[in-house]
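Take a look at the structure set out below.
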Amino acid sequence: MASNAAVPFWRAAGMTYITYSNICANLVRNCLKEPYKAEALTREKVHFSISTWNDGKPEKPVLRSDTLED
Amino acid sequence: MAMAALRREGRRFAPLLSPRPIAGVRSSLVSEEDAPFGTRSISTQVVRNRMKSVRNIQKITKAMKMVAASKLRAIQVRAENSRGLWQPFTALLGDTPSVDVKKNVIVTISSDKGLCGGINSTSVKISKALHKLSSGPEKETKYVVLGEKAKAQLVRDSKKDILLTISELQKNPLNYTQVSVLADDILKNVEFDALRIIFNKFHSVVSFLPTMSTILSPEIVEREAEAGGKLGELDSYEIEGGETKAEILQNLAEFQFSCVLFNAVLENATSEQGARMSAMDSSSRNAGEMLDRLTLTYNRTRQASITTELIEIISGASALEG
(Lines give C-alpha, C1' and ligand atoms only; values in the text may rest on other atoms or scores of the structure.)
Protein backbone atom coordinates (compact mmCIF):
# COMPACT_ATOMS: atom_id res chain seq x y z
CA MET A 1 0.00 0.00 0.00
CA ALA A 2 2.74 2.40 0.89
CA SER A 3 4.79 1.61 -2.19
CA ASN A 4 1.87 2.04 -4.55
CA ALA A 5 1.00 5.52 -3.36
CA ALA A 6 2.48 8.11 -5.67
CA VAL A 7 5.14 10.23 -4.08
CA PRO A 8 4.22 13.91 -4.43
CA PHE A 9 5.81 15.50 -7.46
CA TRP A 10 8.14 17.64 -5.46
CA ARG A 11 9.60 14.80 -3.52
CA ALA A 12 10.10 12.83 -6.68
CA ALA A 13 12.05 15.83 -7.97
CA GLY A 14 14.39 15.68 -5.00
CA MET A 15 13.00 18.55 -2.94
CA THR A 16 12.35 18.34 0.74
CA TYR A 17 9.18 19.61 2.31
CA ILE A 18 11.10 22.63 3.51
CA THR A 19 12.10 23.66 -0.01
CA TYR A 20 8.56 23.09 -1.18
CA SER A 21 7.05 25.27 1.52
CA ASN A 22 9.65 27.97 0.90
CA ILE A 23 8.73 28.13 -2.77
CA CYS A 24 5.06 28.34 -1.88
CA ALA A 25 5.80 31.10 0.63
CA ASN A 26 7.74 32.99 -2.00
CA LEU A 27 4.79 32.78 -4.35
CA VAL A 28 2.48 34.12 -1.66
CA ARG A 29 4.84 36.97 -0.90
CA ASN A 30 4.99 37.91 -4.53
CA CYS A 31 1.22 38.26 -4.55
CA LEU A 32 1.35 41.22 -2.22
CA LYS A 33 1.03 44.78 -3.37
CA GLU A 34 3.65 47.44 -2.93
CA PRO A 35 4.83 48.62 -0.35
CA TYR A 36 4.12 45.48 1.64
CA LYS A 37 5.72 43.43 -1.05
CA ALA A 38 9.12 45.08 -0.64
CA GLU A 39 8.89 44.65 3.11
CA ALA A 40 8.02 41.02 2.81
CA LEU A 41 10.79 40.34 0.36
CA THR A 42 13.35 41.66 2.81
CA ARG A 43 12.31 38.80 5.02
CA GLU A 44 13.52 36.37 2.45
CA LYS A 45 17.17 37.22 2.32
CA VAL A 46 19.50 34.30 2.80
CA HIS A 47 23.12 34.60 3.69
CA PHE A 48 25.38 32.12 5.38
CA SER A 49 28.59 30.32 4.75
CA ILE A 50 28.72 26.57 5.18
CA SER A 51 31.67 24.27 5.05
CA THR A 52 31.71 20.50 5.22
CA TRP A 53 34.40 18.79 7.23
CA ASN A 54 36.09 15.66 6.10
CA ASP A 55 37.93 13.72 8.69
CA GLY A 56 38.90 16.71 10.75
CA LYS A 57 39.72 19.01 7.88
CA PRO A 58 37.43 21.73 6.65
CA GLU A 59 36.86 22.14 2.97
CA LYS A 60 36.50 25.42 1.26
CA PRO A 61 33.40 27.16 2.62
CA VAL A 62 30.50 27.65 0.28
CA LEU A 63 28.73 30.95 0.58
CA ARG A 64 25.01 30.74 0.06
CA SER A 65 23.74 34.18 -0.45
CA ASP A 66 21.10 36.15 -2.21
CA THR A 67 23.14 39.30 -2.11
CA LEU A 68 25.59 39.90 -4.89
CA GLU A 69 29.16 39.22 -3.94
CA ASP A 70 31.75 41.59 -5.17
CA MET B 1 72.41 68.83 61.73
CA ALA B 2 68.92 69.95 60.94
CA MET B 3 69.89 69.97 57.30
CA ALA B 4 71.10 66.48 57.42
CA ALA B 5 67.90 65.43 59.10
CA LEU B 6 65.87 67.17 56.46
CA ARG B 7 67.92 65.67 53.69
CA ARG B 8 67.36 62.31 55.21
CA GLU B 9 63.67 63.07 55.28
CA GLY B 10 63.78 63.85 51.60
CA ARG B 11 65.47 60.64 50.79
CA ARG B 12 63.12 58.67 52.96
CA PHE B 13 60.25 59.64 50.75
CA ALA B 14 61.78 58.32 47.60
CA PRO B 15 61.49 54.64 48.45
CA LEU B 16 57.93 55.31 49.55
CA LEU B 17 57.18 56.75 46.15
CA SER B 18 58.67 53.96 44.15
CA PRO B 19 57.49 50.39 44.04
CA ARG B 20 55.01 50.15 46.81
CA PRO B 21 52.40 47.78 45.48
CA ILE B 22 49.24 49.75 45.25
CA ALA B 23 46.13 47.69 45.23
CA GLY B 24 44.52 47.39 41.85
CA VAL B 25 47.22 49.08 39.88
CA ARG B 26 49.65 46.68 38.40
CA SER B 27 52.96 47.06 40.12
CA SER B 28 54.61 47.14 36.73
CA LEU B 29 53.10 50.56 36.35
CA VAL B 30 55.13 51.89 39.20
CA SER B 31 58.17 49.74 38.67
CA GLU B 32 58.49 50.94 35.12
CA GLU B 33 59.44 54.09 36.82
CA ASP B 34 61.83 52.23 38.99
CA ALA B 35 63.78 55.19 39.93
CA PRO B 36 67.21 54.78 41.39
CA PHE B 37 67.21 55.25 45.08
CA GLY B 38 67.03 58.92 46.00
CA THR B 39 65.13 60.49 43.16
CA ARG B 40 62.24 62.55 43.97
CA SER B 41 59.07 61.84 42.16
CA ILE B 42 57.36 59.53 39.76
CA SER B 43 56.00 61.03 36.68
CA THR B 44 52.31 61.33 37.00
CA GLN B 45 52.15 61.06 33.26
CA VAL B 46 52.01 57.30 33.29
CA VAL B 47 49.11 57.23 35.70
CA ARG B 48 47.35 59.89 33.70
CA ASN B 49 47.72 57.94 30.47
CA ARG B 50 46.35 54.85 32.08
CA MET B 51 43.40 56.78 33.44
CA LYS B 52 42.67 58.11 29.99
CA SER B 53 42.63 54.69 28.41
CA VAL B 54 40.50 53.19 31.18
CA ARG B 55 38.06 56.03 30.77
CA ASN B 56 37.82 55.37 27.05
CA ILE B 57 37.24 51.70 27.65
CA GLN B 58 34.48 52.54 30.06
CA LYS B 59 32.77 54.71 27.47
CA ILE B 60 33.04 52.04 24.83
CA THR B 61 31.64 49.30 27.02
CA LYS B 62 28.79 51.55 28.08
CA ALA B 63 27.97 52.20 24.45
CA MET B 64 28.10 48.50 23.64
CA LYS B 65 25.72 47.84 26.50
CA MET B 66 23.22 50.33 25.10
CA VAL B 67 23.47 48.82 21.65
CA ALA B 68 22.98 45.33 23.00
CA ALA B 69 19.99 46.50 25.04
CA SER B 70 18.27 47.96 22.02
CA LYS B 71 18.98 44.90 19.87
CA LEU B 72 17.72 42.72 22.67
CA ARG B 73 14.36 44.45 22.76
CA ALA B 74 13.81 43.92 19.07
CA ILE B 75 14.84 40.32 18.89
CA GLN B 76 13.18 39.25 22.11
CA VAL B 77 9.78 39.96 20.61
CA ARG B 78 10.57 37.80 17.61
CA ALA B 79 11.92 34.96 19.72
CA GLU B 80 8.83 34.88 21.88
CA ASN B 81 6.59 34.91 18.84
CA SER B 82 8.48 32.07 17.27
CA ARG B 83 7.83 29.83 20.23
CA GLY B 84 4.41 29.18 18.81
CA LEU B 85 5.98 27.41 15.88
CA TRP B 86 7.20 24.35 17.66
CA GLN B 87 4.62 24.04 20.40
CA PRO B 88 2.10 22.19 18.20
CA PHE B 89 4.86 19.76 17.27
CA THR B 90 5.62 19.01 20.86
CA ALA B 91 1.94 18.60 21.53
CA LEU B 92 1.65 16.15 18.67
CA LEU B 93 4.86 14.24 18.74
CA GLY B 94 6.10 14.75 22.27
CA ASP B 95 9.65 15.53 23.23
CA THR B 96 11.78 12.50 23.95
CA PRO B 97 15.24 13.51 25.04
CA SER B 98 15.97 10.11 26.43
CA VAL B 99 15.48 8.21 23.22
CA ASP B 100 18.15 5.68 22.52
CA VAL B 101 19.42 5.82 18.97
CA LYS B 102 22.45 4.79 17.04
CA LYS B 103 23.21 7.95 15.14
CA ASN B 104 23.08 11.17 17.05
CA VAL B 105 23.86 14.46 15.48
CA ILE B 106 24.40 17.37 17.86
CA VAL B 107 23.61 20.78 16.42
CA THR B 108 25.36 23.37 18.55
CA ILE B 109 24.25 26.95 18.16
CA SER B 110 26.58 29.75 19.13
CA SER B 111 27.38 33.30 18.19
CA ASP B 112 29.84 34.63 15.67
CA LYS B 113 30.90 37.61 17.71
CA GLY B 114 32.52 37.60 21.08
CA LEU B 115 32.27 39.70 24.23
CA CYS B 116 29.06 37.98 25.17
CA GLY B 117 29.89 36.39 28.48
CA GLY B 118 29.88 32.64 28.97
CA ILE B 119 26.98 31.44 26.84
CA ASN B 120 29.08 29.91 24.11
CA SER B 121 31.21 28.03 26.58
CA THR B 122 28.16 26.59 28.30
CA SER B 123 26.74 25.43 24.98
CA VAL B 124 29.98 23.72 24.08
CA LYS B 125 30.26 22.17 27.51
CA ILE B 126 26.80 20.68 27.23
CA SER B 127 27.49 19.45 23.71
CA LYS B 128 30.60 17.68 24.85
CA ALA B 129 28.79 16.16 27.80
CA LEU B 130 26.05 14.97 25.50
CA HIS B 131 28.61 13.51 23.17
CA LYS B 132 30.10 11.56 26.02
CA LEU B 133 26.72 10.48 27.26
CA SER B 134 25.54 9.20 23.94
CA SER B 135 28.66 7.37 22.92
CA GLY B 136 28.87 3.67 23.29
CA PRO B 137 29.22 0.52 21.25
CA GLU B 138 27.73 0.88 17.77
CA LYS B 139 26.70 4.41 18.49
CA GLU B 140 27.92 7.39 16.63
CA THR B 141 27.72 11.05 17.57
CA LYS B 142 28.67 13.91 15.31
CA TYR B 143 28.55 17.69 15.46
CA VAL B 144 27.05 20.35 13.26
CA VAL B 145 28.31 23.69 14.46
CA LEU B 146 26.60 27.02 13.90
CA GLY B 147 28.70 30.04 14.74
CA GLU B 148 32.38 30.79 14.97
CA LYS B 149 32.76 30.68 18.71
CA ALA B 150 31.67 27.10 19.20
CA LYS B 151 33.70 26.05 16.19
CA ALA B 152 36.86 27.47 17.74
CA GLN B 153 36.25 25.54 20.94
CA LEU B 154 35.18 22.27 19.40
CA VAL B 155 37.98 22.17 16.87
CA ARG B 156 40.43 21.84 19.70
CA ASP B 157 39.50 18.35 20.72
CA SER B 158 36.66 17.03 18.62
CA LYS B 159 37.89 17.77 15.12
CA LYS B 160 37.10 14.35 13.78
CA ASP B 161 33.50 14.49 14.83
CA ILE B 162 32.51 17.68 13.10
CA LEU B 163 30.36 17.28 10.04
CA LEU B 164 29.44 20.83 9.08
CA THR B 165 30.24 24.31 10.26
CA ILE B 166 28.15 27.31 9.44
CA SER B 167 28.99 30.95 9.97
CA GLU B 168 27.95 34.46 8.99
CA LEU B 169 24.41 33.65 9.89
CA GLN B 170 23.57 37.03 11.37
CA LYS B 171 24.76 39.22 8.55
CA ASN B 172 21.17 39.96 7.60
CA PRO B 173 18.45 40.04 10.22
CA LEU B 174 17.39 36.53 11.01
CA ASN B 175 14.44 35.27 9.07
CA TYR B 176 12.72 31.97 8.61
CA THR B 177 13.73 31.53 4.99
CA GLN B 178 17.39 31.63 5.85
CA VAL B 179 17.09 29.16 8.66
CA SER B 180 14.97 26.83 6.59
CA VAL B 181 17.51 26.82 3.77
CA LEU B 182 20.11 26.00 6.38
CA ALA B 183 17.93 23.23 7.80
CA ASP B 184 17.51 21.89 4.30
CA ASP B 185 21.27 21.81 3.79
CA ILE B 186 21.75 19.99 7.05
CA LEU B 187 19.09 17.45 6.23
CA LYS B 188 20.58 16.78 2.84
CA ASN B 189 24.13 16.33 4.06
CA VAL B 190 23.67 14.54 7.32
CA GLU B 191 22.42 11.11 8.17
CA PHE B 192 20.82 10.94 11.52
CA ASP B 193 18.49 9.00 13.70
CA ALA B 194 18.07 11.83 16.15
CA LEU B 195 19.04 15.46 16.00
CA ARG B 196 19.85 17.23 19.22
CA ILE B 197 19.78 20.98 19.02
CA ILE B 198 21.63 22.76 21.80
CA PHE B 199 21.01 26.42 22.35
CA ASN B 200 20.60 28.97 25.13
CA LYS B 201 16.97 29.57 25.84
CA PHE B 202 16.13 33.07 26.86
CA HIS B 203 14.19 33.27 30.09
CA SER B 204 15.03 36.78 31.16
CA VAL B 205 17.72 39.37 30.78
CA VAL B 206 19.86 37.75 33.42
CA SER B 207 18.98 34.12 32.90
CA PHE B 208 19.72 32.05 29.81
CA LEU B 209 19.58 28.35 30.26
CA PRO B 210 21.20 25.89 27.90
CA THR B 211 18.45 23.75 26.42
CA MET B 212 18.32 20.71 24.24
CA SER B 213 15.62 19.94 21.71
CA THR B 214 15.33 16.55 20.13
CA ILE B 215 14.11 15.83 16.63
CA LEU B 216 13.67 12.25 15.58
CA SER B 217 13.95 10.94 12.09
CA PRO B 218 10.76 9.43 10.67
CA GLU B 219 12.00 5.89 11.02
CA ILE B 220 12.70 6.34 14.68
CA VAL B 221 9.30 7.92 15.13
CA GLU B 222 7.79 4.75 13.71
CA ARG B 223 9.85 2.69 16.05
CA GLU B 224 8.88 4.71 19.07
CA ALA B 225 5.26 4.71 18.00
CA GLU B 226 5.20 0.99 18.36
CA ALA B 227 6.54 1.38 21.85
CA GLY B 228 3.50 3.39 22.82
CA GLY B 229 3.23 6.71 24.57
CA LYS B 230 2.49 9.96 22.79
CA LEU B 231 3.72 8.74 19.46
CA GLY B 232 1.60 5.65 19.69
CA GLU B 233 -1.47 7.83 19.57
CA LEU B 234 -0.56 9.01 16.10
CA ASP B 235 -2.49 6.16 14.65
CA SER B 236 -5.70 7.51 16.05
CA TYR B 237 -5.45 10.45 13.65
CA GLU B 238 -7.16 10.17 10.31
CA ILE B 239 -5.05 10.85 7.27
CA GLU B 240 -6.66 12.80 4.49
CA GLY B 241 -5.45 13.11 0.99
CA GLY B 242 -3.42 10.62 -0.89
CA GLU B 243 -0.49 10.45 1.44
CA THR B 244 0.63 7.66 3.61
CA LYS B 245 1.54 7.94 7.22
CA ALA B 246 5.22 7.48 6.43
CA GLU B 247 5.17 10.38 4.04
CA ILE B 248 3.36 12.62 6.45
CA LEU B 249 5.81 11.74 9.16
CA GLN B 250 8.67 12.63 6.90
CA ASN B 251 7.17 15.98 5.99
CA LEU B 252 6.43 16.64 9.61
CA ALA B 253 9.92 15.72 10.71
CA GLU B 254 11.50 18.07 8.20
CA PHE B 255 9.19 20.90 9.03
CA GLN B 256 9.64 20.29 12.73
CA PHE B 257 13.38 20.52 12.37
CA SER B 258 13.10 23.76 10.46
CA CYS B 259 10.76 25.35 13.02
CA VAL B 260 12.69 24.21 16.03
CA LEU B 261 15.95 25.39 14.48
CA PHE B 262 14.41 28.78 13.75
CA ASN B 263 13.26 29.18 17.31
CA ALA B 264 16.59 27.95 18.63
CA VAL B 265 18.56 30.40 16.53
CA LEU B 266 16.36 33.30 17.63
CA GLU B 267 16.52 32.34 21.29
CA ASN B 268 20.26 32.01 21.11
CA ALA B 269 20.58 35.40 19.48
CA THR B 270 18.44 36.92 22.22
CA SER B 271 20.52 35.26 24.89
CA GLU B 272 23.64 36.51 23.18
CA GLN B 273 22.46 40.10 23.34
CA GLY B 274 21.39 39.71 26.95
CA ALA B 275 24.71 38.17 27.91
CA ARG B 276 26.58 40.88 26.08
CA MET B 277 24.58 43.51 27.91
CA SER B 278 25.44 42.11 31.31
CA ALA B 279 29.07 41.47 30.36
CA MET B 280 29.50 45.04 29.16
CA ASP B 281 27.73 46.32 32.23
CA SER B 282 30.07 44.55 34.61
CA SER B 283 32.97 45.62 32.45
CA SER B 284 32.03 49.30 32.76
CA ARG B 285 31.59 48.91 36.45
CA ASN B 286 35.03 47.35 36.79
CA ALA B 287 36.50 50.11 34.68
CA GLY B 288 34.86 52.65 36.97
CA GLU B 289 36.36 51.02 40.03
CA MET B 290 39.75 50.87 38.41
CA LEU B 291 39.45 54.52 37.54
CA ASP B 292 38.69 55.36 41.18
CA ARG B 293 41.74 53.51 42.36
CA LEU B 294 43.91 55.14 39.72
CA THR B 295 42.63 58.55 40.73
CA LEU B 296 43.65 57.88 44.31
CA THR B 297 47.09 56.79 43.20
CA TYR B 298 47.40 59.81 41.00
CA ASN B 299 46.51 62.18 43.82
CA ARG B 300 48.84 60.45 46.21
CA THR B 301 51.67 60.64 43.72
CA ARG B 302 50.96 64.24 42.99
CA GLN B 303 50.88 65.19 46.67
CA ALA B 304 54.03 63.26 47.38
CA SER B 305 55.90 65.02 44.63
CA ILE B 306 54.69 68.38 45.88
CA THR B 307 55.82 67.53 49.38
CA THR B 308 59.21 66.52 48.09
CA GLU B 309 59.56 69.79 46.23
CA LEU B 310 58.67 71.74 49.32
CA ILE B 311 61.17 69.86 51.38
CA GLU B 312 63.86 70.53 48.86
CA ILE B 313 63.05 74.18 48.82
CA ILE B 314 62.98 74.43 52.57
CA SER B 315 66.15 72.51 53.05
CA GLY B 316 67.80 74.56 50.34
CA ALA B 317 66.67 77.74 51.99
CA SER B 318 67.82 76.66 55.39
CA ALA B 319 71.12 75.64 53.92
CA LEU B 320 71.54 79.15 52.58
CA GLU B 321 70.75 80.75 55.86
CA GLY B 322 73.42 78.82 57.40
Side-chain angles (χ1 to χ4, degrees), chain A, chain B residues 78 112 142-148 151 154-155 157-190 218 239 241-259 261-262 265:
Chain A
M1 172 186 64
S3 48
N4 283 344
V7 186
F9 63 93
W10 42 271
R11 203 171 272 288
M15 277 204 267
T16 56
Y17 181 73
I18 300 177
T19 329
Y20 175 57
S21 75
N22 272 344
I23 295 180
C24 297
N26 188 322
L27 291 173
V28 171
R29 281 191 196 110
N30 280 327
C31 295
L32 292 170
K33 285 199 225 176
E34 297 293 339
Y36 302 106
K37 183 170 177 176
E39 243 180 74
L41 287 178
T42 56
R43 277 184 264 134
E44 277 201 330
K45 296 231 159 37
V46 175
H47 179 102
F48 59 90
S49 138
I50 183 169
S51 113
T52 35
W53 283 54
N54 252 329
D55 211 24
K57 286 199 222 337
E59 315 196 334
K60 196 161 184 300
V62 175
L63 187 68
R64 281 195 202 288
S65 175
D66 284 347
T67 55
L68 297 166
E69 279 101 79
D70 22 292
Chain B
R78 299 186 63 202
D112 277 343
K142 298 269 176 191
Y143 290 109
V144 170
V145 186
L146 266 83
E148 291 286 331
K151 179 172 95 170
L154 281 174
V155 153
D157 51 2
S158 315
K159 258 203 326 200
K160 298 220 172 0
D161 288 328
I162 301 184
L163 282 174
L164 291 172
T165 57
I166 295 119
S167 51
E168 288 184 43
L169 201 58
Q170 293 214 33
K171 189 164 172 188
N172 299 331
L174 291 168
N175 54 41
Y176 179 74
T177 316
Q178 181 177 19
V179 176
S180 63
V181 171
L182 180 58
D184 196 29
D185 270 352
I186 296 181
L187 284 173
K188 286 205 172 117
N189 287 328
V190 161
I239 303 181
E243 301 184 328
T244 61
K245 180 176 169 198
E247 259 167 42
I248 295 192
L249 275 181
Q250 192 171 15
N251 292 347
L252 277 180
E254 289 170 2
F255 193 45
Q256 183 189 16
F257 178 44
S258 174
C259 292
L261 192 65
F262 180 55
V265 170

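Values below: every heavy atom of this structure, side chains too, minus hydrogens, waters and symmetry copies. Reminder, nothing fancy here: chain letters follow the sequence lines and each chain counts from 1.
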Drop me the distance from [X]'s [atom1] to [Y]'s [atom2], to the nearest 0.5 angstrom.
{"X": "S21(A)", "Y": "E254(B)", "atom1": "OG", "atom2": "CD", "result": "9.5 Å"}
{"X": "I166(B)", "Y": "S49(A)", "atom1": "CD1", "atom2": "OG", "result": "9.0 Å"}
{"X": "R11(A)", "Y": "E247(B)", "atom1": "CZ", "atom2": "CD", "result": "7.5 Å"}
{"X": "L163(B)", "Y": "T52(A)", "atom1": "CG", "atom2": "OG1", "result": "9.5 Å"}

Most heavy-atom pairs under 4.5 angstrom with chain A, which of [options]?
{"options": "L169(B), D185(B), L187(B)", "result": "D185(B)"}
{"options": "S180(B), A183(B), P173(B)", "result": "S180(B)"}
{"options": "K159(B), K188(B), Q178(B)", "result": "Q178(B)"}

Nearest heavy-atom neighbours spanning [X] and [Y]:
{"X": "N175(B)", "Y": "K45(A)", "result": "ND2-O, 3.0 Å"}
{"X": "R29(A)", "Y": "T177(B)", "result": "NH1-OG1, 3.8 Å"}
{"X": "D184(B)", "Y": "I18(A)", "result": "N-CD1, 4.2 Å"}
{"X": "I162(B)", "Y": "W53(A)", "result": "O-CB, 3.3 Å"}

Is the number of heavy atoms from other residues, nucleotides or ligands under 6.0 Å of K160(B) NZ greater than 12?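 At most 12 heavy atoms, drawn from other residues, nucleotides or ligands, come within 6.0 Å of this atom.
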Which bit of K151(B) comes within less than 4.5 Å of chain A, counting heavy atoms only: side chain, backbone, both or neither? side chain
Using non-hydrogen atoms only, which part of V144(B) is less than 4.5 Å away from chain A: side chain, backbone, both, or neither? neither
L252(B) side chain near Y17(A) side chain, heavy-atom distance below 4.5 Å: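 Answer no - side chains too far apart.
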For the side-chain contact (heavy atoms from CB on, under 4.5 Å) test, which of N172(B), V179(B), L146(B), V181(B) pairs with F48(A)?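 It is V181(B), the one option of N172(B), V179(B), L146(B), V181(B) that forms the side-chain contact (heavy atoms from CB on, under 4.5 Å) with F48(A).
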Are a donor atom and an acceptor atom from the side chains of H47(A) and E168(B) found within less than 3.5 Å of each other? yes
